[in-house]
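Working notes, structure below.
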Amino acid sequence: MAFVSLTFVLFSLAAIVLLRLAPLGRVRDGLLLGLNAVFLASFVTSPVQLAGLFGFVLLGYGAAFAVSRNDSGRLLGLMVAALVLVFVWLKQYPPARIAPLPSALLVVVGLSYLLFRILHIVVDVSQRSLTLPGPLAYLNYVFFFPSFVSGPIQRFEAFQADAAARSPLTGADLHKALNRIVLGLVLVAVISALASKFVDSARAPWLAALREGPGGRAIGLYLAILLAYLVNLYANFAGYMHIVIGVAALAGYTVPENFNQPLRSKNFLDFWTRWHMTLGAWFRTYLFNPLLKALTPRWPSRQAAPYLAAAAFFVTFFVMGLWHGATFPFVVYGLFLAFGISVNRLWQAWAVKWWGRDGYRRLCDAAWYRQLSRAAALSYFIVALTCLWIDRDLARLVFAPLGAGLALAAFVILTLGGAVAGAVWDAVEARVAARDDAPARGPAGLMLAVVAPVGGLFLAVVLAEAAFLGAFSLDAAGLTLVMKSALVTAAMAVIIGVTAGLTDPPLRRLFARFGTPARAADATALWMGVRLFLLVGLLLLFAGEAPRFVYQEF
Amino acid sequence: MRPARYLLLAGLTGLGLMLLVTLATNGLYRATGAISRMDPSRPASLVFFDSSGLPAAAYNRAALRRAGPQVILIGASNMIKVPAETVEDQLHMPVHNMSISGGEPSDFARLADLALEAVPAGSRRDLIFVVGVTYASFTAESHEPVRPLDSELLRFGLYARGANDRMTFRPGTAALPATLDLIRPVLLGSRIWQAAAERNGQMIDDRLSGGTTAVFERIDLDALDEVSRRPAMIADRLAAQTRPIADDSLALLDPMARRVSAAGARLVIVDLPIPSWHAAGVPAFAEYQRRKGPAFERLRRLPGVYYLDLQRGFPDTGFYDSMHPRPASVGLWARRIAGGLMAIPDLRLSKPPTEARP
């Protein structure tokens, strides 16, 4: 069942109503199990195809049961190893292909995230920080339909708390959840679709440019694809998370956030506390911390601590990279992540060593360093993402010496350009925030605050498209043609932006001037109706073009 | 705010806006006259649909919802520009053109199904399908997993592929008119966006490929020089042939013939003209001429199926390429088709008037 489909909308509506109305306890838990089963069934044509998944889940419960009876470290190690091996076999990673899986059992949707949930339970039960859940609670947790396919990775205790209690749904909660769902659908069905299309269109020209040899065109196209893929990935993943969180909230479950403004990261370490947060938290808890704990006794000195941390980061992020896939590009991706994170950690250690803590803090506070550091972190990540979208023909060229030079050039350009863009963005944002914090303005000022982001977006898109298409070097006929197209693109961008909630913050302030909170709330509801109308139009316009959820592939 | 009030206000606003836009769009649809006749070449049709005929065939079938006899032209890109209005003037009965670009016999059968779906049950026997074919209709084997017409039908989830590869309208045939009216705003929006996106996409592709943005110029098809391009066009035609002319390829029209005959309607297979230099340059044409007699004779044995040979009498100068009529010639095609239909006694159409000079 695709998230961006009428089927999922109807299924979610039914699930929300049923879960809200069902009495707490076994009835609601049983109902949730049924809903999870229906959701799971939508991925297969025959129950046999779920044999692999069910077998894995049963194995997980068996492992949890075993460690609940015996808290020996060896048994835990054995159970974890068994689960990981079965996971590798079910996913048919290269080493496991010596034992090929019957194709009838090959539906492994959600398996990667199942592994995380099951290991969390097994380890925590072994360490006695969790009691063995009952079978119903366990099945509901591992198969929880909103987050089954691709997370977020929720902790069992949090899930159980929601299962045991249910906060009433207020109008404000409803608005917040709907807001997220609308934003999520726009991100996935429209923005991600458009970005994905651009990436697909640009691949062939980039391949052609690479074959001609390194040059401005090859780098220019590479940068365009890198940025478009980031937009695609972020819009796709964050969009799905918005939908998941919104649907779960309406059903009475709180699912953790997976993103916290990653484009504001201070450095690469900080980036991983903001991007795919639950994955980072899981690896920190179940790999990084135990690894560091195991290494520290061997090198207990204070001087060794940062190097041990860097080593632990290296291993953790390499494994995290491999989790995406076990083919060569993902090995490279893992190495990229591992290298980047450990260099960042070592840099922190060395900087403190050279300049002292205060000196390092002053450096971090310097505007130029902040911008460069942020831009470098994001640029490094963007370049690393090449491994996720590259195909065989491109890989042959990119992973040759040419590729290293290309990647380095792209990194430098993105870092410098990103630093400048970041500085401009921060300045504009600070100015807008200062104006918003200013004493209440009149209606004209508030209307201007609503129109400004729309007008700004419109102008930005027109200028960007005109510049990209080289409009200003064309004759009158060409310029007219380009400007006509750019105006239509800009109009569509405005519609997309308004639907996604671009004008919501200034509108909220405008509505607050309507006299009573009740009237403001009514106006908010009416505006949501307008946004829903625009959303349905956009979804139908882009029907059939929503790309698959990128992280469903992992 | 209480959730129920919030939902009510948001829901009613959204629904109200949808209703308003639906009414406005359908009003515009009726005002442009697109509803009165299916004809992909008309400007009224192009407002809501494109020139490929695909979305028109799928979503403009309100024009077919009438009792009494109707003629439906079906074919590929060489039939798209045949003006249904001109044929209608000759036959004095409603005529529609459901041709689609790149259409193949499997598409023709699908188009016949779509027409039969839209026409009131009591009037299906009064339908006359006119399918235009050439030898090329039987020499291209499509390997696409989903044909463009099917893709269009599946686009909004309104159709499902059922048994025997037939497409079933999910809400049920009775709901067809209302459903098409409901999605009219989306069709208009889609058309506007498609027109913009196609042009935009082409410019972006040009730029990505290192070129400058192309300036699109209207090609005058009436003035286009096809003589100098003939060798290249013959080479293209030879390359496009993915299957030989054989009994099984000539049987591709069987499904359409059987379905139309089973519905009680009538089918006229029209052998359309191609330029003489094209016919001489492609061996498959001679093979088609040799085999088509027995093949079409077999189809003629089905109740209500007829054959009309219009290969001759069209000058080579009437084509702007190896297959397609110039804009100035489509009127002649329409009049010849109408004249040919009137000459088939069983169709009981009006007496043919004195043929106008081309």
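Not measured: the values here are computed from a predicted model. Residue numbers begin at 1 in each chain, while the letters A, B, ... track the order of the sequences. Side-chain atoms are counted along with the backbone in the values below, which use heavy atoms only and exclude waters and symmetry mates.
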Contact leader toward chain A among B:Arg199, B:Gln194, B:Arg2, B:Arg5, where contacts are heavy-atom pairs under 4.5 Å: B:Arg5
pair A:Leu174-B:Leu7: side-chain heavy atoms closer than 4.5 Å: yes
Portion of A:Leu221 that has a non-hydrogen atom of chain B nearer than 4.5 angstrom: side chain
B:Leu187, part contacting chain A, at a heavy-atom distance under 4.5 Å: neither
Close approach to chain B in residues 487-494 of chain A, criterion heavy atom under 4.5 Å: A:Val488, A:Thr489, A:Met492
Residue part contacting chain A, namely of B:Asp205, when any heavy atom lies under 4.5 Å: side chain
Top contributor to chain A interface from B:Leu17, B:Leu12, B:Leu9 [non-hydrogen pairs under 4.5 Å]: B:Leu17
Spacing of CD belonging to A:Glu465 relative to CD1 belonging to B:Ile204, to within rounding of 0.5 Å: 5.5 Å
Top of B:Ala4, B:Ala10, B:Gly14 for chain A proximity - count of heavy-atom pairs under 4.5 angstrom: B:Ala10
Over all atoms of both residues, closest heavy-atom pair of B:Arg207 and A:Leu469: NE-C, 3.6 Å
Working for side chain to side chain contact (heavy atoms under 4.5 Å, CB included), residues A:Leu540 and B:Phe156: CA-CA 7 Å; A:Leu540 287 171; B:Phe156 298 119; 4.2 Å; yes
Nearest heavy-atom neighbours spanning A:Gly171 and B:Tyr6: O-CD1, 4.3 Å
More than 12 heavy atoms of other groups within 6.0 Å of A:Arg519 CZ: no
B:Ile219, CD1: over 12 other non-hydrogen atoms inside 6.0 angstrom: no
Under 4.5 Å from any heavy atom of chain B - which part of A:Leu6: neither
Whether B:Trp193 and A:Phe542 hold their rings parallel, tilted or perpendicular, with breakpoints at 30° and 60°: tilted
Heavy-atom proximity to chain B below 4.5 Å, by part of A:Ala202: both
Closest-packed option against chain B by number of heavy-atom pairs under 4.5 Å, given A:Leu532, A:Thr170, A:Leu526: A:Leu526
Atom CZ of B:Arg30 with >12 non-hydrogen neighbours under 6.0 angstrom: yes
